[in-house]
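Below is one structure, written out as structure tokens, with a few remarks after it.
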Amino acid sequence: MSNTHLIQRPLPEVVDVLVIGAGASGSVAVSELAQNGFSVACLEQGDWTPATEFAGDKPEWELVKQKKWHPNPNVRQGPSDYPINTDESDVNPLLYNGVGGSTILYAAHWCRMMPSDFQTRTLDDVGDDWPFTYEDLQPFYEEMERTMGVSGLGGDPAYPDEPSFPLPPLPLGKVGLKAAAGMDKLGWHWWPGANSIASKEIGHRPACLRYGACLTGCPAGAKASTDLTHWPDALEAGAHLVTGARVREITVDDKGLASGAVYIDRDGVEHTQKARIVVLAANGVGTPRLMLLSKSEQHPNGLANSTDLVGRRLMMHPYGAAVGTYEDELESWLGPAGQILHSMEFYETDKSRGFVRGAKWNLMPSGGPLGMRSGYGGRPVDESFGVNFHKNVKRVLGRSFEWGVIAEDLPDESNRVILDPELTDSDGIPAPKLLYKSSENTEKLIKWHVARAVEAHEAAGATSIETTELMRDCGWHLLGTAKMGNDPKTSVVNQWGAAHDCPNLIIIDGSVFATSSGMNPTATIMANALRSIRHLVENRATQPMSGE
Amino acid sequence: MLTDEQRAVYSRLADVLIPSAEGMPSASEADVPTKWINDALGYRPDLVPAFLQALEIGADGEAEAAVVRINSTDSVAFDALGVLTSGSYFLNPAVKELIGYPGQVPSPAYDDTATYIDMLAAVVERGPIFRPTVT
Ligand SMILES: Cc1cc2nc3c(=O)[nH]c(=O)nc-3n(C[C@H](O)[C@H](O)[C@H](O)COP(=O)(O)OP(=O)(O)OC[C@H]3O[C@@H](n4cnc5c(N)ncnc54)[C@H](O)[C@@H]3O)c2cc1C
């Protein structure tokens, strides 16, 4: 029997809109379109992941998280994953393939970008301005915060407005209070973290149970992954979802407009789904991969790629961290994980630091006793084992936490997603390859920020501090590979996500980011997706479509 | 599943990694080689080949030297041995109790804003820290 199941009802031969990818942005598109009377189908290569499968509430959690629930698809190697060649990348891309996309594994830090993030060229003479401002996106942030049930506290002086989150903040606990006291000593900004994790029951979701396992899927169902926040209502409203459907090409009609997609089901059978409009929501790696795979007479360089910008300007937010260990018992295995606090103290550019742009800091707990113990090989045995095994557990368990630094990396055309000439996925489709080097600006930025994070730990009374200046497994944020802008010569899509070369191809995932900001991007991805799709709905009368 | 011979080798290696010290039981005192390793191998079938390789490299000679030999000749095998042994140890509820770790148990969220609202007033007093949109 086929694993590909058509939920609810048979697919029409031609749909109004075909959405590729059922993750953060695709879910927004599907529910918005279905609720506005469009016939909409979504092709998703992965399947549903029921909360009962997650290990966060089970004793084996720390053992299985290093494989089955690893965020790196090259390590996880699940049935819906595709390989990504990272031989020439400083950073490994992290993602999840299935209904809900990477929100299944995300940490749910909910971060609006700052006003300056939309204007880096004007303000700092680097990167590019976005074709709209913070104020243009603000109402969509607000709406997404309600839909996602974000927990947080209004009044943060790091923002120009006072977002009133629908739920109160998650507990700071002993970890948050300890870190906040350190920040206060230094006079540095901190604020209770906003998280798309329910602090109280909301919609389909119960309140957080603080397993601290957000990054491996929430067993309580309290985290706002879009399989929970969007899909039930979207299906109810008439949307079609095809799981196990791996798209290998977006087709075009004789005018060069997108006319549907060819996909392969889990029995290896190829299907074609026709559509009047195609929406791409396959993330910053999956989307350029598909565009580069979709070569045609009308689009010989790949779909909507006359600029040769598709796949270029990849940004992945290199991550630095300082982990402090304290004498006090802090129960630092408790969630959320999740950001307990954030700090925007050093977010804005100060050229006297020797670099431009900045980073958001997030405070996170440190997990259970096994932690990330996996890289012992080659180091002296008695560093981690023997008597030190017990000493380390006593010293660190429950007594350590991390200040993490989300470093803004600036767009660089040589950082890119290309098609690997040899590597393929399990369906024989060429796999993506990443070419990515961290820049000098980013390296200076991380070094400087990590040094400040060390000071924050010292002020809070840490007895020892360990730092990482570039974590390899940190490519949580996949951005920039189909840049948005007003000029068709220097961008792939316009401010509404419509491809300049193919106006009925709408791109709504993180690929469209003009710059990366120093924020976790999902709030912006979802708000931008909503803005683009609303525009499509409101302008349906004049929207170019295939088959007209 | 491990043969008796493999289990005997493993037992010696596991006690080098996790000896009885600091008021904590050794791996074998905590039933790692006899019980918990079976569960751990089931949770991580991907590590089984490297684990067995570690046992093969470490089969002969004095246990401490054998552990050093595994580490210096095959770091992948050593990683598997290390992760599975520590992971098995922490599966034992008695060990969890001794280290004061409740494990993956629910701990409902609550509102603790009252404990820090005064501290936040100082953050607010320090004033806005963003650059507004340039129009
Ligand atoms: C471990 C981890 C932690 C993270 N933490 C945070 C955080 O705290 N805060 C935050 O803001 N962001 C976080 N992120 C990032 C966040 O998850 C992503 O930004 C967000 O999910 C991206 O949304 P998207 O719609 O662009 O793509 P995704 O959510 O990745 O969805 C893309 C979907 O497209 C599907 N797809 C791709 N190619 C094809 C194809 N050829 N055929 C069919 N289907 C296809 C995929 O299977 C996938 O389901 C985290 C990510 C990870 C992995």
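Reminder, nothing fancy here: chain letters follow the sequence lines and each chain counts from 1. The figures that follow rest on heavy atoms only: side chains count, while hydrogens, waters and symmetry mates do not.
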Residue among [options] with most heavy-atom pairs under 4.5 Å to chain A:
| options | value |
| --- | --- |
| B:P102, B:S88, B:P19 | B:P19 |
| B:V124, B:I99, B:D111 | B:I99 |
| B:K96, B:M119, B:M24 | B:M119 |
| B:L91, B:L120, B:I18, B:D46 | B:L120 |

Interface moiety of [X] toward chain B, non-hydrogen atoms closer than 4.5 Å:
| X | result |
| --- | --- |
| A:K68 | neither |
| A:P168 | side chain |
| A:M114 | side chain |
| A:W190 | both |
| A:Y211 | both |
| A:S116 | both |
| A:L334 | side chain |
| A:A158 | both |
| A:L172 | both |
| A:S151 | neither |
| A:L153 | side chain |

Heavy-atom pairs under 4.5 Å with chain B: which of [options] has the most?
| options | value |
| --- | --- |
| A:A220, A:A207, A:P192, A:G368 | A:P192 |
| A:D129, A:T349, A:N388, A:D156 | A:T349 |
| A:P160, A:C208, A:P59 | A:P160 |
| A:L170, A:T122, A:T133, A:L123 | A:L123 |

If you measure from the Lys or Arg side-chain nitrogens to the Asp or Glu carboxylate oxygens, is any gap between B:R126 and A:D184 under 4.0 Å?
-> yes
Salt bridge or not for A:D124 and B:R131, using N-O below 4.0 Å?
-> yes
Heavy-atom distances under 4.5 Å only: say whether [X] touches chain A with side chain, backbone, both or neither.
| X | result |
| --- | --- |
| B:V134 | both |
| B:P108 | both |
| B:T135 | neither |
| B:P45 | neither |

So how far is it from [X] [atom1] to [Y] [atom2], rounded to the nearest 0.5 Å?
| X | Y | atom1 | atom2 | value |
| --- | --- | --- | --- | --- |
| B:I129 | A:Y159 | CD1 | OH | 9.5 Å |
| A:H390 | B:S26 | NE2 | OG | 7.5 Å |
| A:F385 | B:N71 | CZ | CG | 9.0 Å |
| A:N392 | B:E22 | CG | CD | 10.0 Å |
| A:R379 | B:S75 | CZ | OG | 11.5 Å |
| B:Y89 | A:L370 | OH | CG | 13.0 Å |

Passes side-chain contact (heavy atoms from CB on, under 4.5 Å), B:F78 versus A:V381? Steps please.
-> CA-CA 10 Å; B:F78 187 75; A:V381 173; 4.0 Å; yes
Closest non-hydrogen atom pair, [X] against [Y]:
| X | Y | value |
| --- | --- | --- |
| B:G127 | A:P157 | O-CB, 3.6 Å |
| B:A109 | A:S199 | CB-O, 4.1 Å |
| A:P369 | B:Y101 | CD-CE2, 3.3 Å |

Contacts satisfying ring pair (Phe, Tyr, Trp, His ring centres under 6.0 Å) that involve residues 20-76 of chain B (not counting sequence neighbours) are B:Y10-B:F51
Residue [X] excluded, over 12 heavy atoms near [atom1] under 6.0 Å:
| X | atom1 | answer |
| --- | --- | --- |
| B:E62 | CD | yes |
| A:E53 | CD | yes |
| B:E64 | CD | no |

Could you give me the CA-CA distance, side-chain angles and deciding distance for A:Y134 and B:F130, then say whether side-chain contact (heavy atoms from CB on, under 4.5 Å) is met?
-> CA-CA 12 Å; A:Y134 175 86; B:F130 63 90; over 6 Å; no
pair A:P169-B:Y116: side-chain heavy atoms closer than 4.5 Å | yes
Determine, using ring centers only, whether A:F389 and B:F90 are less than 6.0 Å apart.
-> yes
For A:Q119 and B:T133, run side-chain hydrogen bond (donor to acceptor under 3.5 Å, both in side chains): C-alpha distance rounded to whole Å, both residues' side-chain angles, the deciding distance at 0.1 Å, then the answer.
-> CA-CA 8 Å; A:Q119 299 185 315; B:T133 300; 4.7 Å; no
Is there a donor-acceptor pair closer than 3.5 Å between any side-chain N or O of B:Q104 and the backbone N or O of A:K58?
-> no
